[in-house]
Amino acid sequence: MQSLRRRARLAAAAAGVAIIGAAGFVFASQAQAQADIRHIGEVQGSIADGDTDFTSPLAGQTVYVQGVVTQETLDPSGNKGFFLQERADATDGDPNSSDGIFVFNNQYSTIRTLNGSPAQTELGANWTVNVGDEIVVRAVVGTYFGNIQFSGGSTFVYDVVDTGLDPLAEIESVEVDAPDDAKASTEYFRRHLGMQLTVPADSVVTAGRDVFSSGGEVWAMRGDSAAAQQGGYAARAFRDAHPLDTVEGSFDDGNGYLFVMGDLGIRATAGTTESIIAPAKTYDVITEANTGGVYLSFAKYAIEVADDLALEGGLEPAENEPVEPVGRHEAAIGSYNIENLYDTRDNPNSECDFEGDPGCVDAEDPEGNVNPPFDYVPSDYTEYQARMEREAAQIVDDLHSPAILMTQEGEAQDVCSVNPAWTKRSDLGEDRLVCDLVNTGDANEQSDGAPDSLQELALLIAEYGGPTYKAVGDLDSADTRGIMTGFLYQPKLAGLSKAKHWDPVLGDDPEVDYPTEADEINAEVQNPKALNAALPDEVIEQCTNSGVYACNGFDVFSRPAQVAKFYLKDKHGNKVEEIYLINNHFSSSPNTRVLHRTEQANYLAAISAAILEEDRRANVLAGGDLNVFPRPDDPFAEGQTIAGDWVGPSDQLAGLYEDSGLSSLYDYMLEDHPEAAYSYTYVGQAQTLDQMWASPHLLREVESAVSAHINSDYPADAYEFGEEPAYGNYGVSDHDPEVVTIDLK
């Protein structure tokens, strides 16, 4: 009866007077009397099983709706909004339609009242947003990247029906409980878009907090979910091809039971843009129920909880199959994506590495243009040093100082050299390196063959108490943006072999069997050495700017593979054996750039095959960030359409499996310690992007292969929100390093 009374109030008020519309036009009382409140469910639309079109059936139309203001939101830029939801006794009764909607209100705390409306009579020109008010609004149905919403610019309050309500006592109370299947889960969250959902106590975090310019997010699952019940380090979400995935026999169900929590509500509750969701790590337990509205952004349905998370610490990810120190007659080789380790110096050789630079343009390779420029420069040297100190501590304490370390995402800059006054105890700070920031190319007076950020990281390792490392790298392995692969090695334990002109890959005529013309850099005789070639014409003809056919330029690699040949030493300093390391950083996003990444795997396979055809007993270790999953995992399920008549699986690493002569050490890890077989987390799931591949002779010498879980499960840094790292050195990168220990024969 109450809902009928409220609806009647609108009709009676409308019939009694002629109304001046918001645009200034007058419409007759009879016409206004016909205006009726629509259910929010009608605005959101009923989502049937299997639906893929989630647009509003009333998109672009002007409607009247009525609901209780359940929650306010605030984003880091100061934009405000609120959720509006119908009372439990006033919905459309359709479980497939949402009873709530989001109202975006820009920087404002008020909404205009409609001319001639009861709200204008009672309140004047504006209504102040107030949780607990039940209001009638006239609004235009809009959308923002898929989120069905109203905008404050086209929304007017017609009536304030009630005030002082407890929203959660008036609306339907719903605990989040999404189905396992990803498609069904998307339908579930779409049916709750704009509604309040409650995260129950005992929910378990499945990925460390991530941080974006729009705030932070934490992925979790219900504590009574099948994955949570697995116990120990298996109590998390793995991608579906992993043997510890909970849906047996299913591929790519997507672990739909996962949900993500955002902090738009937390910020509004605190009343400050500097708030961010708590720094949760994987396995933490949420101890108190928390409620918030469902908001769609960047293709993710997030529960924008009103209060910060109450957490109880769970298992320590770093203790999940940690790296062990090497024993007698052993050597360790690692791989570590150091995540955009840029220094604070303006590289005179680059026009796209510093704020204010104009960008980099390559007329022969326009796909690789960087314009406007990327800017990964730290805010100051103190921040840069603090980050290097954390990575140095990880290398020493958690990786136990491998003999050689392959790195990805260091800055491609070499305009500095070590200050002659530097010692482990000199405390020179920014003056550790002396730099020529004026002269370019061969004229630069401080270029020494050691990439600057890697060189400085090596010094920080020594200052921390670790061993002496040397940094080396071929700047030709860089992309246009200016990140590259590189190597750190301990001269006490390893050294660079001399490059011979006849070497199958380091020589002047590499024997890399690939069907296109090699780049000029391939003819250089050097160690280490970047290798690259043109993409095949049939690939270039299909290249697009986005999607599965997207290409990062017209060469095989935007970041060329880099080969280094090292000799390893025994405890007496004698050369024991040689090893080729092939360091890689493939194009990003496993479900895009599919054709291009497939060629990168083919070319890597050709590099390895060239070495092994010259010497089948050669030790070869290929590694790095391959940015796609190992078999049998795949971003596309069997039979799933990739494009046109191209169907899954995409099998982007097929060249490595079939033509390289190498074996994936992921399989070794999976058999030996499956709960630790991953290197990255994304949308709440553990997955493997960083990989190691070993030649047959080397494989017989492998003692262990481990991912050190010291980063991807821990919260990302939130410096811009005023927060220091919550877990010390952990979480400094978004990738987990990998370490292979071999027996020195």
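- Between Glu316 and Tyr714, the side chains place a donor N or O and an acceptor N or O closer than 3.5 Å (distance only, hydrogens not considered).
- Around the CG atom of Asp202, the shell of radius 6.0 Å holds no more than 12 heavy atoms that belong to other residues, nucleotides or ligands.
- Between the side chains of Thr73 and Lys80, no donor-acceptor pair is found at a separation under 3.5 Å.
- Atom CD of Glu134 and atom CG of Leu84 lie 9.0 Å apart (nearest 0.5 Å).
- Between Thr287 atom OG1 and Leu309 atom CG the span is 9.0 Å, to the nearest 0.5 Å.
- Using modelled atom types, one finds no donor on one side chain facing an acceptor on the other under 3.5 Å when comparing Ser707 with Asp736.
- Once rounded to the nearest 0.5 Å, the distance linking CZ of Arg138 with OG1 of Thr155 reads 9.5 Å.
- A salt bridge links Asp633 with Arg239: at least one charged nitrogen is closer than 4.0 Å to a carboxylate oxygen.
- Between Arg209 and Glu723 there is a salt bridge, since a side-chain N of the basic residue sits under 4.0 Å from a carboxylate O of the acidic one.
- In this structure the side chain of Met221 never reaches within 4.5 angstrom of the side chain of Ser203, judged on heavy atoms.
- Asn711 and Gln394 are linked by a side-chain donor-acceptor pair at a separation below 3.5 angstrom, with hydrogens and angles left out of the test.
- Between the side chains of Arg236 and Gln685, no donor-acceptor pair of N or O atoms lies under 3.5 Å.
- Heavy atoms from other residues, nucleotides or ligands lying under 6.0 Å from CZ of Phe721 number more than 12.
- A side-chain donor-acceptor contact under 3.5 Å links Asp75 to the backbone of Gly78.
- Of all heavy-atom pairs between Gly684 and Ala207, the closest is CA-CB, 3.8 Å.
- Within a 6.0 Å radius of CD in Glu638, other residues, nucleotides and ligands contribute 12 heavy atoms or fewer.
- Of the charged side-chain nitrogens involved, none lies within less than 4.0 Å of a carboxylate oxygen, so that Arg87 and Glu172 do not count as a salt-bridged pair.
- Between Val69 and the choices Ile135, Thr163, Asn130, the side-chain contact (heavy atoms from CB on, under 4.5 Å) rule is met once, by Ile135.
- Salt-bridge check for Asp717 with Arg390: passed, with a basic side-chain N closer than 4.0 Å to an acidic carboxylate O.
- For Thr291 (side chain) and Thr198 (main-chain N/O), no donor-acceptor pair under 3.5 Å exists by modelled atom type.
- The nearest pair of heavy atoms linking Ile277 to Gly216 is CG2-C, 3.8 Å.
- For the pair Ile338/Gln408, no side-chain contact is recorded, criterion being any heavy-atom separation below 4.5 Å from C-beta on.
- A donor-acceptor contact shorter than 3.5 Å links the side chain of Ser56 to the backbone of Val43.
- Minimum interatomic distance between Tyr727 and Pro279 (heavy atoms only, all atoms of both residues): CE1-O, 3.6 Å.
- Counting heavy atoms of neighbouring residues, nucleotides and ligands inside a 6.0 Å radius, atom OH of Tyr144 does not exceed 12 of them.
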Evaluate the criterion side chain to side chain donor-acceptor pair (under 3.5 Å) for residue pair Asp177 and Tyr257; output intermediate values, then yes/no. CA-CA 7 Å; Asp177 191 12; Tyr257 58 85; over 6 Å; no
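- Arg387 has a carboxylate O that lies under 4.0 Å from a charged side-chain N of Glu391, or vice versa, which qualifies the two as a salt bridge.
- Lys281 has its side chain within reach of Pro317: a pair of non-hydrogen atoms, C-beta onward, lies under 4.5 Å apart.
- Enclosure of atom OH in Tyr108 is not indicated, since only 12 or fewer non-hydrogen atoms of other residues, nucleotides or ligands lie within 6.0 angstrom.
- In this structure, a donor-acceptor pair under 3.5 Å is present between the side chains of Asp94 and Ser46.
- Using a 4.5 Å cut-off on side-chain heavy atoms (C-beta onward), Glu86 and Ile171 make no contact.
- Here the side chains of Thr206 and Tyr283 are not in contact, with every heavy-atom distance at 4.5 Å or above.
- The distance from atom CD of Glu274 to atom CD of Glu720, rounded to the nearest 0.5 Å, is 11.0 Å.
- Counting only distance, with no hydrogens or angles, the side chain of Asp51 and the backbone of Asp53 share no donor-acceptor pair below 3.5 Å.
- Judged by distance alone, with hydrogens and angles left aside, the side-chain atoms of Ser679 form a donor-acceptor pair with the main-chain N or O of Leu689 at under 3.5 Å.
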So Thr273 and Leu74, side-chain contact (heavy atoms from CB on, under 4.5 Å) or not? Walk me through it. CA-CA 7 Å; Thr273 58; Leu74 179 65; 4.1 Å; yes
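- In this structure a side-chain-to-backbone donor-acceptor pair under 3.5 Å is missing from Arg593 to Ser587.
- With respect to the salt-bridge test (charged N to carboxylate O, under 4.0 angstrom), the residues Lys183 and Asp181 do not qualify.
- Distance OH/Tyr666 to CD/Gln691: 9.0 Å, rounded to 0.5 Å.
- Nearest heavy-atom pair across Pro715 and Ala726 is CG-CB, 4.4 Å.
- Side-chain N/O atoms of Asp133 and Trp127 include a donor and acceptor closer than 3.5 Å.
- For Tyr678 and His709, the ring centers sit closer than 6.0 Å to each other.
- Put simply, the residue from His39, His192, Arg190 that forms a side chain to side chain donor-acceptor pair (under 3.5 Å) with Gln44 is Arg190.
- A distance of 11.5 Å separates CG of Asn337 from OG of Ser712, quoted to the nearest 0.5 Å.
- A donor-acceptor pair shorter than 3.5 Å can be found between the side chains of Gln149 and Asn147.
- Residues Tyr719 and Glu383 have side chains in contact (heavy-atom distance under 4.5 Å, counting atoms from C-beta outward).
- In this structure, the side chains of Ser109 and Glu72 stay at 4.5 Å or more apart for every pair of heavy atoms.
- Taking every heavy atom of both residues into account, Phe54 and Ile148 meet most closely at O-CD1, 4.0 Å.
- In this structure, Tyr188 has its ring center no closer than 6.0 Å to that of Tyr301.
- A donor-acceptor contact shorter than 3.5 Å is absent between the side chain of Arg112 and the backbone of Phe156.
- Side-chain N or O atoms of Ser98 include one that pairs as donor or acceptor with a backbone N or O of Leu193 at under 3.5 Å.
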Evaluate the criterion side chain to side chain donor-acceptor pair (under 3.5 Å) for residue pair Asp224 and Gln229; output intermediate values, then yes/no. CA-CA 7 Å; Asp224 57 3; Gln229 297 304 306; over 6 Å; no
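- No donor-acceptor pair closer than 3.5 Å links the side chain of Glu321 to the backbone N or O of Ala677.
- Note on Arg191 versus Asp49: salt bridge recorded, some NZ/NE/NH1/NH2 to OD/OE distance being below 4.0 Å.
- Counting all heavy atoms, side chain and backbone alike, Gly254 lies closest to Ala182 at CA-CB, 3.6 Å.
- At least one side-chain heavy atom of Pro737 sits less than 4.5 Å from a side-chain heavy atom of Ile710.
- Aromatic rings from Phe104 and Phe150 are positioned such that their centres are separated by 6.0 Å or more.
- Checking Gln85 against Gln196 by side-chain atom types alone, no donor-acceptor pair falls below 3.5 Å.
- Between the Glu339 side chain and the His735 main chain, no donor and acceptor come within less than 3.5 Å of each other.
- Side chains of Ser588 and Asn627: no donor on one and acceptor on the other come within 3.5 Å.
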